[in-house]
Amino acid sequence: MTISGIKKICVVGAGIMGHEIALFEALSGYKVACTDVNSEAIKKAKEFIDAYLPDRVVKGKLTEEVTQQAKTNLSFTSNLKEAAVDADFVIEAIIEKLAIKRRLFSELDKICPKHTILATNSSFIVSSKIADATSRPDKVCNMHFFNPAQKPSPTIVEKFVKKE
C-alpha cells in the first residue's frame, strides 16, 4: 500500500479523539467515515465540527473553501459495515478494553478489503495483542494521536504508509 492508494479512511469511535482524528484526516483531503455505536457520540461529534470549523475561519486559521471541503469529505454513521466496507485505512479510537478491541478488529477483518490497514489509537494496548484477531497481522499497527488531534502538520497516514 502506498499513500496514493489511500482514498478512504474509516475512524471507529466518535468520542473526543475519534471525531478529532476524523476531522483532521478530512481536512487533510481524505474521504472519512466516522462511526460509533453511540448515537449521542455521533451527535456531539457533528456539533463539535459545526462549531469548530466556522471558528477556525473567523480566526483566519482555515479558509471557507477548506472547511467546506472537509465537511464534504466527512460523514458519520452508526453502521460499521457502511463506514468500513471500502476503507483503505481504519483508525480505531474506542474504549481501552482489549477484549472489545479484539472483537472489533476481527469484525473489521471480515468487513474491510484485504489491502486495508487497521490501526489502533491506543497508547496502552500494543497492536501485537490485537493483530492475531485478524487474518492480516502484518497490516495492524498502533498509531497514537495526541489531544487535540488537529495539531500535527503532516498527515498522520503519511507517517505509516510507504511513499511511492
Show the nearest heavy-atom pair for residues [X] and [Y], with the distance to one decimal.
X	Y	result
H115	A87	NE2-O, 4.2 Å
S122	H144	C-ND1, 4.0 Å
H19	A14	ND1-O, 3.2 Å

Side chain to side chain contact (heavy atoms under 4.5 Å, CB included) against [X], all qualifying residues, sequence neighbours excluded:
X	result
V126	S128, K129, N142
A33	K8, S75, A83
P137	A131, T134

May I ask you to decide if [Y]'s main-chain N or O and [X]'s side chain share a donor-acceptor pair within less than 3.5 Å?
X	Y	answer
R136	T116	yes
S28	F24	yes
N73	V32	no

Output the rest of the hydrophobic cluster of L118: all Ile, Leu, Val, Met, Phe, Trp and Tyr residues reachable through side-chain heavy-atom contacts under 4.5 Å, sorted by chain and number.
->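 Joined to L118, directly or through intermediates: V12, L80, V85, V90, I94, I95, L98, I100, L104, F105, L108, I111, F124, I125, I130, V140.
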Heavy atoms, side chains only, cut-off 4.5 Å: are E47 and Y52 in contact?
->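 When only atoms from C-beta onward are counted, Y52 and E47 do not touch, as no gap falls below 4.5 Å.
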Determine whether V11 and E25 make a side-chain contact, defined as any pair of heavy atoms from C-beta on separated by less than 4.5 Å.
->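 SC-SC contact between V11 and E25 ruled out.
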First locate atom [atom1] of [X], then atom [atom2] of [Y], and finally report the distance between them rounded to the nearest 0.5 Å.
X	Y	atom1	atom2	value
T77	I42	OG1	CD1	6.5 Å
L62	Q69	CG	CD	12.5 Å
I6	I117	CD1	CD1	5.0 Å
F76	D36	CZ	CG	10.0 Å
C34	K46	SG	NZ	10.0 Å
T35	E82	OG1	CD	8.0 Å

Does K44 NZ have over 12 foreign heavy atoms under 6.0 Å away?
->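 Check fails, neighbour count at 12 or below.
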Could you tell me whether E40 atom CD has more than 12 heavy atoms of other residues or ligands within 6.0 Å of it?
->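 Yes, enclosed.
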Return each pair, listed once, that meets side-chain hydrogen bond (donor to acceptor under 3.5 Å, both in side chains) where at least one residue sits in residues 98-107; pairs must be two or more places apart or across chains.
->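 Counting only pairs at least two positions apart or across chains, the side-chain hydrogen bond (donor to acceptor under 3.5 Å, both in side chains) contacts touching residues 98-107 are E92-K101, E96-K101, R102-D132, S106-K110.
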Which residues satisfy the side chain to side chain donor-acceptor pair (under 3.5 Å) test with N38, sequence neighbours excluded?
->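 Counting only residues at least two positions away or on another chain, N38 forms no side chain to side chain donor-acceptor pair (under 3.5 Å).
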In a check of side chain to side chain contact (heavy atoms under 4.5 Å, CB included) between T67 and each of V57, D55, I49, which one passes?
->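 Running side chain to side chain contact (heavy atoms under 4.5 Å, CB included) over V57, D55, I49 with T67 returns exactly one hit, V57.
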E64 versus Q68, side-chain donor and acceptor atoms under 3.5 Å |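 The answer is yes; a qualifying pair exists.
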Is it the case that one hydrophobic cluster holds both I9 and I16, taking links as side-chain heavy atoms less than 4.5 Å apart, direct or via other members?
->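 No, separate clusters.
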Would you please test T120 and M143 for side chain to side chain contact (heavy atoms under 4.5 Å, CB included) and show each step?
-> CA-CA 6 Å; T120 177; M143 188 166 111; over 6 Å; no
Test side chain to side chain contact (heavy atoms under 4.5 Å, CB included) applied to F145 and E20, step by step = CA-CA 9 Å; F145 288 77; E20 289 191 9; over 6 Å; no
